[in-house]
Engineer: 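Sharing a structure below in structure tokens format, with a few things to ask.
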Amino acid sequence: MKSITQLEKEFQARIDRDEKIEPKDWMPEAYRKTLIRQISQHAHSEVVGMLPEGNWITRAPSLRRKVALLAKIQDEGGHGLYLYSATETLGISRDELVEQLHAGRAKYSSIFNYPALTWADMGSIGYLVDGAAIVNQVALTRTSYGPYARAMVRICKEESFHQRQGYEILLTLCRGTEAQKQMAQESLNRWWWPALMMFGPHDKDSPHTAQSMKWKIKRKTNDELRQYFVDMTVPQAKVLGLTIPDPDLKWNEERGHYDFGEINWDEFWKVVKGHGRCNKERLDTRRKVSEEGAWVRDAAVAYAEKKAA
Ligand code: BYC
């Protein structure tokens, strides 16, 4: 029988050859745990991410906007399902994962603990939040774990539609009245920094990045992705005629990238640790909808069992 050290060596060699790891393959316990942590956090983010936008379905300014917003939120529920399924291939049940979220033991993206206060926020969420999500997720289409990589390919396709619908909302506001343009600017001012926080702590302060890069769970580091996002987003804001709320933002000719200001890390960690503006409200809502929807799940199970009998 092979020793753990030998198995680990062979595993790393497979990763180095860019082979995909599949559910039944041998994997180090820490690789499995890291994947469960990251993919389930991602799944929770999709599901909690439905809430800030869900608030605006009844207040969408036209039928066309309402339909697009409904479709986007429904897609996010679907993304959550693909990701919970991918996590389940690692030997943990969906019930356990959802229980971890409801008990406040699992993380989800900090961004969804900020409130959506105006219609322009539907634009900023699509433009910035989905924009940041795409940058992160395109890199993850090459992640080493097969089921996660395949889920990402499908999610990225839908996410790019989400980003465009958000951008188009802002474009319409920016071409509208002065008050509408101001609403767009005010919204961008509130969402810009939280969007940059989505990429996580600086690489030097990130406990997981080095190992996750070695295992190719992550294909780009937090700082690399954040820089890519800034470089991509700033020209788009110029087309909108909006100002990025960062006095230190400046094109750096030598680096070929934008320099930008420092994130307020105290705020980031406060939100991650559960003390943001909406943390409590988001979890309370998730628990409530889960309780209220229990009869639907029970009915679906009863129907499936009857059909199978
Ligand atoms: N928020 O060592 P690090 C979306 C935690 S939503 C909260 O860098 P890692 C969408 C981190 O979990 C986008 N927590 O960790 C949906 C870790 O804590 P633990 C969701 C954060 O995992 C609806 C600790 O800080 N996308 O798509 O190597 C509408 C140290 O961090 C955050 C994903 O989840 C944060 N922002 O890197 C619209 C993508 N940042 O676990 C859009 C997949 C860090 O040790 N995930 N933490 O207790 C990833 O790529 C990585 O997990 C992260 C963090 C880059 C997020």
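Numbering of residues begins at 1 and proceeds along the displayed sequence. Atoms within each ligand, like the ligands themselves, are counted from 1 in listed order.
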Engineer: Under 4.0 Å from a heavy atom of Lys218: give me the atoms of ligand 1 that qualify, with their elements.
Structural biologist: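 In order of number, 8 (O), 9 (P), 28 (O), 37 (O).
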
Engineer: Short list, please: which atoms of ligand 1 are under 4.0 Å from a heavy atom of Gly200?
Structural biologist: 40 (N), 44 (C)

Engineer: Report yes if some heavy atom in the side chain of Arg65 is under 4.5 Å from a heavy atom in the side chain of Glu168; otherwise report no.
Structural biologist: yes

Engineer: Is there side-chain contact between Arg282 and Pro52, with heavy atoms separated by less than 4.5 Å?
Structural biologist: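 SC-SC contact between Arg282 and Pro52 confirmed.
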
Engineer: Starting from atom 12 (O) of ligand 1, which protein heavy atom do you reach first, and at what distance in Å?
Structural biologist: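 Scanning the protein heavy atoms, the shortest distance from atom 12 (O) of ligand 1 goes to Gln41 OE1, 2.9 Å.
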
Engineer: I need the nearest protein heavy-atom contact for atom 22 (O) of ligand 1: residue, atom name and distance, please.
Structural biologist: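 Atom 22 (O) of ligand 1 sits closest to the protein heavy atom Arg37 NH1, 3.0 Å.
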
Engineer: Should you measure from each heavy atom of Lys107, which atoms of ligand 1 turn up under 4.0 Å away?
Structural biologist: 5 (C), 12 (O), 14 (N), 18 (O), 19 (P), 48 (O)

Engineer: With backbone taken as N, CA, C and O and side chain as the heavy atoms from C-beta onward, which portion of His79 lies under 4.0 Å from ligand 1: side chain, backbone, both, or neither?
Structural biologist: neither

Engineer: Would you say Glu253 has more than 12 foreign heavy atoms packed within less than 6.0 Å of its CD?
Structural biologist: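 Incorrect, the count does not exceed 12.
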
Engineer: Could you tell me whether the side chain of Glu10 and the main chain of Thr5 form a donor-acceptor pair under 3.5 Å?
Structural biologist: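 It does not hold such a pair.
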
Engineer: Check if Pro201 has a non-hydrogen atom at a distance under 4.0 Å from any atom of ligand 1.
Structural biologist: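 Right, Pro201 reaches ligand 1.
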
Engineer: Heavy atoms only: which of Ser45, Ser110, Ala43, Gly80 lies closest to atom 1 (N) of ligand 1?
Structural biologist: Ser110

Engineer: When only distance counts, is Met197 in polar contact with ligand 1, meaning an N/O pair under 3.5 Å?
Structural biologist: yes

Engineer: So, do Arg219 and Met213 sit near enough that their side-chain heavy atoms are less than 4.5 Å apart?
Structural biologist: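 A side-chain contact under 4.5 Å is absent here.
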
Engineer: Do Phe260 and Ile244 make a side-chain contact, defined as non-hydrogen atoms from C-beta onward lying under 4.5 Å apart?
Structural biologist: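 Sidechains of Ile244 and Phe260: no contact.
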
Engineer: Taking side chain as C-beta onward, heavy atoms only, is Tyr258 less than 4.5 Å from Asp246?
Structural biologist: no

Engineer: So is Trp269 polar-close to ligand 1, meaning N/O to N/O under 3.5 Å?
Structural biologist: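 Among all N and O atoms of Trp269, none is under 3.5 Å from an N or O of ligand 1.
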
Engineer: May I ask whether Met50 has any heavy atom positioned less than 4.0 angstrom from an atom of ligand 1?
Structural biologist: no

Engineer: Counting from 1, what ligand 1 atoms have a heavy atom of Gln137 closer than 4.0 Å?
Structural biologist: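 Answer for ligand 1: 27 (O).
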
Engineer: Is ligand 1 under 4.0 Å from a heavy atom in the side chain of Phe199, in the backbone, in both, or in neither?
Structural biologist: backbone

Engineer: On a heavy-atom basis, I'd like to know which of Val271, Asn222, Asp130 is closest to atom 42 (C) of ligand 1.
Structural biologist: Asp130

Engineer: State, yes or no, whether a side-chain contact exists between Tyr108 and Leu101 at a heavy-atom distance under 4.5 Å.
Structural biologist: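 Heavy-atom side-chain distance check passes, below 4.5 Å.
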
Engineer: Does atom CZ of Arg164 have more than 12 heavy-atom neighbours from other groups under 6.0 Å away?
Structural biologist: no

Engineer: Check each atom of ligand 1 against the heavy atoms of Ala133 and keep those under 4.0 Å away; list them by number with element.
Structural biologist: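 With Ala133 as reference, the close atoms of ligand 1 come out as 4 (C), 27 (O).
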
Engineer: List ligand 1 atoms under 4.0 Å from Val272, heavy atoms only on the residue side.
Structural biologist: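 Answer, ordered by atom number: 7 (C), 14 (N).
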
Engineer: List ligand 1 atoms under 4.0 Å from Ser206, heavy atoms only on the residue side.
Structural biologist: 2 (O), 3 (P), 8 (O)

Engineer: Linking Ile, Leu, Val, Met, Phe, Trp and Tyr through side-chain heavy atoms less than 4.5 Å apart, which residues share a cluster with Trp295?
Structural biologist: Val296

Engineer: Provide the number and element of each atom of ligand 1 under 4.0 Å from a heavy atom of Ser109.
Structural biologist: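 It comes down to these atoms of ligand 1: 1 (N).
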
Engineer: Who gets closest to atom 23 (C) of ligand 1 by heavy atom: His42, Glu76, His208?
Structural biologist: Glu76

Engineer: Of the side chain and backbone of Tyr108, name the one, both, or neither that has a heavy atom under 4.0 Å from an atom of ligand 1.
Structural biologist: backbone

Engineer: Do you see a donor-acceptor pair shorter than 3.5 Å between the side chains of Arg17 and Gln12?
Structural biologist: no

Engineer: Is at least one protein non-hydrogen atom found at under 4.0 angstrom from atom 20 (C) of ligand 1?
Structural biologist: yes

Engineer: Indicate, as side chain, backbone, both or neither, the part of His162 found under 4.0 angstrom from ligand 1 when only non-hydrogen atoms are considered.
Structural biologist: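 It is neither part, as no heavy atom is under 4.0 Å.
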
Engineer: Salt bridge (Lys or Arg N to Asp or Glu O under 4.0 Å): which pairs involve residues 114-126, sequence neighbours left out?
Structural biologist: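 The answer is Asp121-Arg190.
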
Engineer: Would you please test His257 and Trp251 for ring-ring contact (aromatic ring centres under 6.0 Å, His included) and show each step?
Structural biologist: CA-CA 6 Å; His257 292 290; Trp251 178 252; 7.2 Å; no

Engineer: Looking only at protein heavy atoms, which one is nearest to atom 10 (C) of ligand 1, and how far off is it?
Structural biologist: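 Here the closest protein heavy atom is Phe112 CZ, 3.6 Å.
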
Engineer: Could you tell me whether Ser212 and ligand 1 have an N or O pair separated by under 3.5 Å?
Structural biologist: no

Engineer: Report yes if some heavy atom in the side chain of Gln38 is under 4.5 Å from a heavy atom in the side chain of His208; otherwise report no.
Structural biologist: no

